[in-house]
Amino acid sequence: MAPVRKEYELLPMNAHFAPSEAEIDAAFDRCEFAVVYQPQVELRTDRIIGAEALVRWNHPARGLLGPDYFLESVFQHGLARRLSTWVLTQACRDALAWNDIRVAVNLSPSQFADPGLAAHILPIARMSGLPLNRLEVEIVETALFDDTDEARKRIEELRTAGVSIALDDFGTGYSNLNRLQHMPFDKIKIDKAFIDGLPEMRSVAILQAIVALVRALGMKALAEGVETPDQRRIVTATGCHYMQGFLFAKPMSAQELTALLKSRA
Ligand code: C2E
Ligand code: MG
Ligand code: MG
């Protein structure tokens, strides 16, 4: 099937922007935040198996802003939980229209550090009516603190309820293989940096090794940021399970994803 390219153009990162707490507050009140979704595709079948929820700020003066513009300010003002609650609520609601695919939401490191993580997330998801086995949370390596037992407990609490766990941007943080050995992840998202290097021999070698490791641990591998048919071909040859990237589709609105899923059914 031909790749789907949906444009959801963001303003380029060209201006310094450090919104105040009051500005972010006002953005909530005026409903300026939005969630877009980027499909995840099974390489073997070309089937859409999930979508990652990515936050946007529809700024009245600056246009559509990506998270790189404002996420840090949101965190600095202690508003990570408020934003994530909003994104999670929205994502669960939107996902109700998508039959059986999973929706993945990103967790900030401060959220993962919160012992009440599951008690916060699970009721929101349950209230939305979305079966918990259709929810995935993404954690970055840097959020995995040194206390392996505690981190594993937090992950297990979510997994026991049916939520699946993805390790985001793998290979760019402190890729601690010992931790990988002890953490029950469902999916490892291999960072775009490794895909960018293809088809260079060394990049191919590293990718092959990561995918082999992920498979040997019984987890699923997803390649992030696949942009060219050549990259897709190599990623597929390594035995990687899934991909996510502009080659297949850019992030799109919930309505666009609903239409896309219908057109492929
Ligand atoms: P991420 O979780 O690794 O998300 C993937 C990012 O890569 C997204 O950028 C996506 O648009 C971009 N991307 C996907 N495929 C391609 C490709 O083929 N080429 C290129 N050049 N880029 C691609 P985005 O939406 O700007 O998000 C950046 C980061 O912001 C995310 O990285 C995630 O860490 C964070 N983020 C986004 N939404 C949320 C949220 O709701 N909560 C939290 N805590 N973090 C979020
Ligand atoms: Mg992510
Ligand atoms: Mg990522």
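These figures come from a predicted structure and were not determined experimentally. For the single chain, residues carry numbers from 1 onward in sequence order. Whatever order the structure lists them in is the order used to number ligands and atoms, beginning at 1.
- Looking at D169, its N, O or S atom nearest to the Mg ion (ligand 3) turns out to be OD1.
- A 4.5 Å side-chain heavy-atom check between I48 and E42 finds every atom pair outside the cut-off.
- Rounding to 10 degrees, one finds that the Mg ion (ligand 2) sits at the corner of an angle of 90° between E138 OE1 and E52 OE2.
- Put simply, part of K192 is less than 4.0 Å from ligand 1, judged by heavy atoms.
- Heavy-atom neighbours of E72 CD from other residues, nucleotides or ligands within 6.0 Å: at or below the threshold of 12.
- Side chain to side chain, H77 and S20 fail the donor-acceptor criterion of an N or O pair below 3.5 Å.
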Walk me through it: do Q76 and S73 pass the test side chain to side chain donor-acceptor pair (under 3.5 Å)? CA-CA 5 Å; Q76 270 167 11; S73 299; 4.8 Å; no
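- Looking at P109, G66, P67 and measuring to atom 26 (O) of ligand 1, the nearest heavy atom belongs to P67.
- Counting heavy atoms under 4.0 Å from ligand 1, residue V36 does not touch it at all.
- In this structure, a donor-acceptor pair under 3.5 Å is present between the side chains of Q181 and N178.
- Checking side-chain atoms of R154 against main-chain N and O of F112 turns up a donor-acceptor pair under 3.5 Å.
- Near P251, the atoms of ligand 1 lying under 4.0 angstrom from a non-hydrogen atom of the residue are 11 (O).
- With a 4.0 Å heavy-atom cut-off, ligand 1 is reached by no atom of A80.
- Listed for the R134 side chain is no donor-acceptor partner under 3.5 Å among the backbone atoms of L96.
- D168 contributes atom OD2 as its closest N/O/S atom to the Mg ion (ligand 2).
- Checking E52, E224, R56, Q111 against atom 2 (O) of ligand 1, the nearest heavy atom belongs to E52.
- Residues F33 and F70 place their aromatic rings such that the two centres sit under 6.0 Å apart.
- Set against the non-hydrogen atoms of G225, the atoms of ligand 1 under 4.0 Å away are 15 (N), 16 (C), 17 (C), 18 (O).
- Comparing L83, N106, V55 by heavy-atom distance to atom 43 (C) of ligand 1, the nearest is N106.
- Residue contacts with ligand 1 for L71 involve side-chain atoms from C-beta outward but no N, CA, C or O (heavy atoms, distance under 4.0 Å).
- For the pair R82 and F28, the cation-pi criterion (under 6.0 Å, within 45° of the ring axis) is fulfilled.
- Side chains of R44 and H241: a donor-acceptor N/O pair is absent below 3.5 angstrom, by distance only.
- Between F246 and ligand 1, at least one pair of N/O atoms sits closer than 3.5 Å.
- A salt bridge links E150 with K153: the distance from a Lys NZ or Arg NE/NH1/NH2 to an Asp or Glu carboxylate oxygen falls below 4.0 Å.
- Sorting the N, O or S atoms of E224 by how far they are from the Mg ion (ligand 3) puts OE2 first.
- Proximity to S108 (heavy-atom distance under 4.0 Å) selects the following atoms of ligand 1: 44 (N).
- Under a 4.0 Å heavy-atom criterion, S84 is not in contact with ligand 1.
- Remark: among candidates E138, K189, E227, Q90, the nearest residue to atom 19 (N) of ligand 1 is E227, based on non-hydrogen atoms.
- Of all the heavy atoms of V87, the ones lying under 4.0 Å from any atom of ligand 1 belong exclusively to the side chain.
- The distance criterion of under 3.5 Å between nitrogen or oxygen atoms is met by D168 with respect to ligand 1.
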